[in-house]
Amino acid sequence: MQPDQKIKASEPAARDTVRLNPDDNIVIALRDLKIDTQPSGLNVPLRDQVLRGHKIAIAPISAGENVIRYGQIIGQAKADIAAGDHVHVHNLGMGAHQQDYAHATANTPLPHSDEERSFLGYHRSDGKVGTRNYIGILTTVNCSGSVARFIAEAALKRGLLDPYPNVDGVVPIVHGTGCGMSAKDDGYATLMRTLAGYAQHPNFAGILLIGLGCEVMQVAGLVDGRPIREDGALRYMTIQNEGGTRRTIERGLAELEGIARLANQAVRKPARISAITVGMQCGGSDGYSGITANPALGYASDLLVRHGGTTILSETSEIYGAEHLLTRRAETPEIGEKLIDRIHWWEDYTKRNGGEMDNNPSPGNKRGGLTTILEKSLGAVAKGGTAPMRDVYRFGEIIDKKGFVFMDSPGFDPCSVTGQVAAGANLIVFTTGRGSVSGYQPTPCIKLATNSEMYARMSEDMDLNCGDIVTDGVSIEAKGEELFEMLIRVASGDQTKSEELGFGGVEFVPWQIGAVM
């Protein structure tokens, strides 16, 4: 939770609305409310029907006046708004916004925890610790994707891993790019970072790298002149050199057998939780996201940072308008400027591609009560807790500092998570209000429901309900501690719902920047 964004842990369940900050001129409906009724927190009857998670004006707001939530501007009134009016897309717009970045003015370090906590993980030769023990089949190009899947399917059909109980499985990492692109631009460098990050990820005990042979993203570019894996558990080939599909499959299976023998030697051993790196995401957000799940994740983030661990906030296009809350927490002014440089890059990127930075929220977000990107972003940054921001990284860049950091990425969740995993995240925590479903092999994903109604509908996909912060008066602190304990259990091998359901086969989505040729 941000210093400027004081949200009380909860309000009594009997209340109809919640006011998140004394400066707010709106309240949030905690249940569906009918027209002409007078809910708690208002001195007048409702002038409209208002759904759970949506906003209600508590005082008159003139056209052009700022609408305030979390004590922050979320937009300007497009018309006069009366007390008791529903505040949403029909009367609230983005408007102009200027922020005081105040770099590095609120960066007090969190006290280090004296408690020694550990998890059971896979210790790798480079000093990193995995939370899973997979073998990856990594592809350089779309053209080798099907063959990678053929090899994984054949390995399963033949029971190749049956003699190796310590191996969690074979994961084909396939994608839609790697050719028809420049070999010199930012898009190429981004894909190279992403593939190299997956190749050395601690949740992979070994890698089989497969190319076609004639693509732009050459196998040689990934393996020549540098040891991607210090343990040597990397094998590579191209389909053209092997003589076609069938021969590549047979050679691939033989290589997998050798990798599996090495991978099976790994067993879970105690490791300090400082070895945990959590990628933090939100998708399908609603009006409750910034009240329940996101601040609970922020509290858990602070707990992990206090134990020496690492948390990664991303989705640059979805912190837009709230970046000033992060720049103030930058460890140095230079780090704050790095974030603003990425914001300016995004403003140019969207402009030259015919987009807009305020094209969010999505239709689902709006149905859940979010109106502007400013409102969505203010709730999204709550995932980052209060710890100082130690650095800003490019997409897929290996995280080399402990603590809370930011990694540049799109708001598109599979793409953003792909970058976080490439950067070294060995756990993902994903908050959702509408009910996003996905998983991200080789990294387990913990799903947090922002509201109890959605959790009841989709409990088979959700790992933790944060809606009870509203419905049952559970505190944000208690929910954050509950999540923190879940992080340790999942890192030690407990399966998440997305793992049980088999997700992870289609969620590898590298960020494709530049012309497709």
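We use all heavy atoms of the structure for the numbers below, so side chains are in, but hydrogens, waters and symmetry mates are not.
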Hey, are Ser452 and Asn465 close enough side-chain-wise for a donor-acceptor pair under 3.5 Å?
-> yes
Indicate whether the side chain of Thr496 and that of Asp463 have a donor and an acceptor atom separated by less than 3.5 Å.
-> no
Is it true that the side chains of Gln420 and Tyr393 contain a donor and an acceptor less than 3.5 Å apart?
-> no
Note: Glu485-Arg117 ion pair, threshold 4.0 Å (strictly below) = yes
Any side-chain donor near an acceptor of the partner, Asn294 and Thr431, under 3.5 Å | yes
Specify whether His54 and His88 have parallel, tilted or perpendicular ring planes, treating 30° as the upper limit for parallel and 60° as the lower limit for perpendicular.
-> perpendicular
Please check if any side-chain donor atom of Ser498 sits under 3.5 Å from a side-chain acceptor atom of Asp461, or the reverse.
-> no
Without hydrogens or angle criteria, can the side chains of Ser416 and Ser409 be said to hold a donor-acceptor pair below 3.5 Å?
-> yes
Intermediate values then yes/no, side chain to side chain contact (heavy atoms under 4.5 Å, CB included), Ile312 and Thr277 = CA-CA 8 Å; Ile312 311 169; Thr277 299; 3.7 Å; yes
Which class fits the ring pair Tyr198 and His201: parallel under 30°, tilted 30 to 60°, perpendicular over 60°?
-> tilted
Between the side chains of Asp286 and Ser289, is a donor N or O closer than 3.5 angstrom to an acceptor N or O?
-> yes
Taking atom types as modelled and ignoring hydrogens, do the side chains of Thr316 and Asp408 form a donor-acceptor contact shorter than 3.5 angstrom?
-> yes
